[in-house]
Amino acid sequence: MDNINWYELSKDESFEKLSSSTLGLKEDEARKRLEKYGPNALKKEEKKPLIEKLKDQFFDPMIIILIVAAIFSAFSGEKLDSFIIVAIVIVNAFLSIYQEGKAEEAIASLQKMSTPKAKVLRDGKEIQIDSEKIVPGDIVILETGDIIPADLRLIESNNLKVDESSLTGESVPVDKDSEKVFNDYTELGDRVNLCFSSTIVSYGRAKGMVIGTGYDTEIGNIASSITSLDREETPLQKKLAGLSKSLGILVIGICIIVLVVGLLYKHELKEMFLTSISLAVAAVPEGLPAIVTIVLSIGMGKMAQKNAIVKKLLAVETLGTTTVICSDKTGTLTQNEMTVRKVFVDDKIFDVSGTGYMPKGEISHKGEKISLSDEENLYILSSIASLTNDARLNYDNNKVDFIGDPTEVALLTFTEKIGNSIEKLKEDFPRIAEIPFDSDRKMMTTFHENFFEGKVSSFTKGAADIVLSKCHKIFLNGEIQDLTDEMREEILTKNKSFAKEALRVLSYAFRNYNEMPKDLTSQSIEKDMIFVGLSGMIDPARPEVKDSINKCKSAGISTFMITGDYLETGLAIAKELGIADSEDQAVSGKDLKGLSDEEFRKLVKEKRVYTRVSPENKVQIVKALKENGQIVAMTGDGVNDAPAIKKADIGIAMGITGTDVAKNTAEVILTDDNFATIVNAVEEGRIIYSNIKKFVGYLLSCNIGEVLIVFISIILNLPVPLIPIQLLWLNLVTDSFPALALGVEKGEEDIMDKPPREVDESIVDRNLKITVAIQAIAITCGTLVSYIVGLNWFGTSGHGLEMARSMAFTTLILSELLRSYSARSVDKTIFQIGIFSNKNLFMATLFSFLLMIAVIYIPFLSSAFKLVDLDLREWAVVLISAFFPLVIGEVQKVLRFKSK
């Protein structure tokens, strides 16, 4: 379809553009258009083929280093070494794919796969068809509760209200008017003569001509824009890639040095080549990719238990780096359920507690609970609110079913909440006539008998100032009194104060007749009325969100509200939740037009609330925050949120109210639609990253120690103390179990009281580098002492060399197992954190110790690993040497962090 501003065209001009009429299309013409424009549907997200997933796994820098090491091992005759490396690479790849596949299954179970139906006119007859078969020019018939199947230009509308929150973010249904024509550009949320695909009819009836289907709809435009945004690497991906690159350079450098030194010492080329392979194996922590995968998988499982489904493993850790959470308002920070909060009757303001559509809460005045029997005006007001009401509300086993305008549903809930029965009201005072609501007079009137004994009453509900202007009396203190100018001024003042709190205000009045009036026009009925009171309602904040935002503040995380709703409404909720303190921190979408990238980057440093924004604005805000160095999490449920969700470092969608487009785009889906779950997930992400640092530091200190042991031995012209298969056993088996136990270490109690780490902070920061260096040197010293003692006792060849290597092997393993206890904290000693407080670590080190005993004392294993039995004398040297690194590590903590 051409780019046509349909809201600027009259109905006749629209018919002409699409060669249609009020009778709809003929069947043969509809078939031709279906072939031309295609089905009215968006493509579902295609699952990535297994081959693509495998490619993603094997093109990681660290995995490539391992594969190269495996190839070298195979060519040098060390086939067992090569087999072990390849096996660990394959296991790691399939672990990642398996976990992400589980997430995909969970997401699929959330998505509704039903094909909606639509009522259309074809050849002047009303028929029902699959919405996918709708074409431009079709005439669609809409009724309350219908999902709008395509973009429409309205041709008839009768009190039509449409819930557009999934598209625009606006919490209140929009009044639509088929007669309206605009002369120039109009914002999406204000195009009242159009209806948009996937929005919902809250009230009324209408007919509309289809002007866009599939990707030619507003939702289709957003879906198309999502595909143009590239997914960026997560911080952990970048840091692990950087670590892999550094290790790769280290491996190449060491191998070259060893070859040169060995050749200078007149060693054979083959011998030095095998030694270089030993060093390459020692330098690369082969178990690291698998352990990272397993720890992230465990984290994924924990988050799922806490109602956060994570689609990609690396997104688990990215949550922990978050510095800014950008949140949609409607349905995310708020409940997406209108709720009456204040009532003004009898010259008193009453507060109403409770949220949502369950009748739980109470009414109070100045902090004191009020009984309905003591307040006649409350009974009258709530009765008028429920009788001038077309919504339906049913409760069944603590579940709510409702149909109708959310405003009217909120009034029914209020009536039940204060103890006035809707069912009894409608049974005792059935509607006998009505003057329907329309957007011009902004009122609705219904007629009932015997509410006031022996009388016929007209009850009116509508806009506060308009209803008040039609009243000349007021019901006050149980009596009908004259409505004075002072009283009018007081009512208007209360109306303004409610509006300043972003409450949607309605007014209520009645009029009594001795018999049913003949003239049921608004001009004759809606005048000389008796004013009763006001009600103020809002889509309230979720009760748990305020605590979550305070927790974010303690953690150094800023919360932004980005919504399509009006500024007053958004700012009121933001103030209530503690997101903003003043109006200076809020900005409307119209003020964002024409801003340069530099101006956007400056703006996002000052503003916290963004209202009436478009999907493009949301992307610009996220982009500017990222360019300012922030790690951004974007949450939302609507189609309008999807582009920004994809642009963010971590995209989060609501699982219950979220649209399929939002859920398909996000990395994380909240199954309970609870903002507090995001904060729990961020905390889990921080714990995971902290634990990743612990086991990375542990593995690096062990591997650097192994490199130094082999390297120094070569420099000293000693036989190589550890052969490749022994190093592989150390890296893949002995080290891996303690490292995995470190990966599930319990989080520190104050982890959410610390600011987010710097974006460019290395995974191995300054403190960890110092710790790794000290520990690596201590491990090297302890192992070389044990090895040199063995060489002096048993000689440098044959069985004697195997004895010395066995002592070095055993010392190194024990050193690393003991080192794992010290690795649980960079600054706290093992006595401060509790030696056995991590039961997983105790079991892991015990298991690794038993595996070490097995390869030394079980004959076929000791033969394969070229090891021999140790006696008590050798064990004494081994144990003394093995405890040396632990003692040094704990002493350096006391000396470096004694002030803490």
Side-chain angles (χ1 to χ4, degrees), residues 1-43 112-164 167 174-182 191-221 403 436 438:
M1 298 287 292
D2 296 328
N3 291 323
I4 300 171
N5 292 334
W6 293 96
Y7 54 85
E8 295 180 358
L9 301 182
S10 67
K11 290 185 281 187
D12 290 339
E13 289 171 327
S14 300
F15 281 130
E16 186 178 340
K17 283 280 184 185
L18 285 171
S19 302
S20 185
S21 71
T22 55
L23 298 176
L25 300 174
K26 295 185 179 295
E27 278 293 346
D28 59 344
E29 177 61 21
R31 280 194 293 272
K32 290 176 184 177
R33 294 192 183 193
L34 186 61
E35 290 179 10
K36 178 180 178 180
Y37 294 109
N40 176 36
L42 303 179
K43 291 180 181 177
K112 298 174 183 177
M113 302 305 290
S114 59
T115 302
K117 302 284 185 179
K119 295 185 287 291
V120 299
L121 289 177
R122 293 270 173 92
D123 294 321
K125 296 178 182 177
E126 181 180 325
I127 61 170
Q128 191 173 61
I129 62 172
D130 289 342
S131 63
E132 289 189 356
K133 294 180 180 177
I134 284 175
V135 295
D138 263 330
I139 303 300
V140 176
I141 299 168
L142 300 174
E143 295 177 342
T144 300
D146 285 349
I147 296 174
I148 296 170
D151 284 4
L152 310 176
R153 170 57 167 97
L154 291 171
I155 58 172
E156 291 180 21
S157 60
N158 186 4
N159 301 324
L160 183 65
K161 294 185 180 183
V162 178
D163 178 359
E164 296 184 344
L167 181 64
V174 179
D175 291 319
K176 296 291 184 176
D177 184 356
S178 62
E179 301 301 323
K180 190 76 174 177
V181 178
F182 297 91
R191 297 172 190 172
V192 297
N193 56 2
L194 304 184
C195 287
F196 304 106
S197 177
S198 296
T199 58
I200 301 169
V201 177
S202 297
Y203 186 84
R205 300 179 299 280
K207 289 181 182 178
M209 182 175 64
V210 176
I211 56 174
T213 60
Y215 282 97
D216 287 327
T217 61
E218 288 297 331
I219 280 182
N221 290 337
I403 296 175
D438 71 51

Are [X] and [Y] close enough that some pair of their side-chain heavy atoms sits under 4.5 Å apart?
X      : Y      : value
Cys195 : Leu160 : yes
Ile134 : Ile129 : yes
Asp175 : Val192 : no

Answer yes or no: is there a donor N or O on one side and an acceptor on the other, between the side chain of [X] and the main chain of [Y], under 3.5 Å?
X      : Y      : result
Asn40  : Ser131 : yes
Lys11  : Leu154 : no
Ser157 : Ser178 : yes
Thr217 : Thr213 : no
Asp138 : Ala30  : no
Thr144 : Gly204 : yes
Lys180 : Asn193 : no

First locate atom [atom1] of [X], then atom [atom2] of [Y], and finally report the distance between them rounded to the nearest 0.5 Å.
X      : Y      : atom1 : atom2 : answer
Leu152 : Ile211 : CG    : CD1   : 7.0 Å
Ile4   : Lys17  : CD1   : NZ    : 5.0 Å
Phe15  : Ile139 : CZ    : CD1   : 4.5 Å
Leu121 : Met209 : CG    : CE    : 12.5 Å
Glu143 : Ile403 : CD    : CD1   : 11.5 Å
Glu218 : Phe196 : CD    : CZ    : 5.5 Å

- Message: Evaluate Lys207 against Glu126 for salt bridge (charged side-chain N to carboxylate O under 4.0 Å, His left out), listing each step before the verdict.
- Response: CA-CA 12 Å; Lys207 289 181 182 178; Glu126 181 180 325; over 6 Å; no
- Pick one: which of Leu142, Ile148, Ile200 meets side chain to side chain contact (heavy atoms under 4.5 Å, CB included) with Val162?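 Of the listed residues Leu142, Ile148, Ile200, the side chain to side chain contact (heavy atoms under 4.5 Å, CB included) partner of Val162 is Ile148.
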Where do [X] and [Y] come nearest, in terms of heavy atoms and distance?
X      : Y      : answer
Pro136 : Leu18  : CB-CD2, 4.1 Å
Leu9   : Ser14  : CB-OG, 3.7 Å
Val120 : Val140 : CG1-CG2, 4.0 Å
Leu25  : Ser19  : CD2-O, 4.2 Å
Ala150 : Gly212 : CB-O, 3.3 Å

- Task: Step by step, work out the side-chain contact (heavy atoms from CB on, under 4.5 Å) result for Lys176 and Glu164.
- Result: CA-CA 11 Å; Lys176 296 291 184 176; Glu164 296 184 344; 2.6 Å; yes
- Flag yes if more than 12 heavy atoms outside Arg122 fall under 6.0 Å of its CZ atom; otherwise flag no.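 Correct, the count exceeds 12.
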- Message: Would you say that more than 12 heavy atoms from the other residues, nucleotides or ligands in this model lie under 6.0 Å from the CD of Glu16, or not?
- Response: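 No.
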- Query: When you check the gap from the basic side-chain N to the acidic O, do Arg33 and Glu29 get nearer than 4.0 Å?
  - Reply: yes
- Task: Run the salt-bridge test on Glu27 and Lys125 with the 4.0 Å N-O cut-off and return the result as yes or no.
- Result: no
- Task: Before giving the answer on side-chain contact (heavy atoms from CB on, under 4.5 Å), spell out for Val181 and Glu13 the whole-Å C-alpha distance, their side-chain angles and the decisive distance to 0.1 Å.
- Result: CA-CA 11 Å; Val181 178; Glu13 289 171 327; 5.8 Å; no
- Quick one: do Arg153 and Leu194 satisfy side-chain contact (heavy atoms from CB on, under 4.5 Å)? Show the steps, please. CA-CA 5 Å; Arg153 170 57 167 97; Leu194 304 184; 3.7 Å; yes
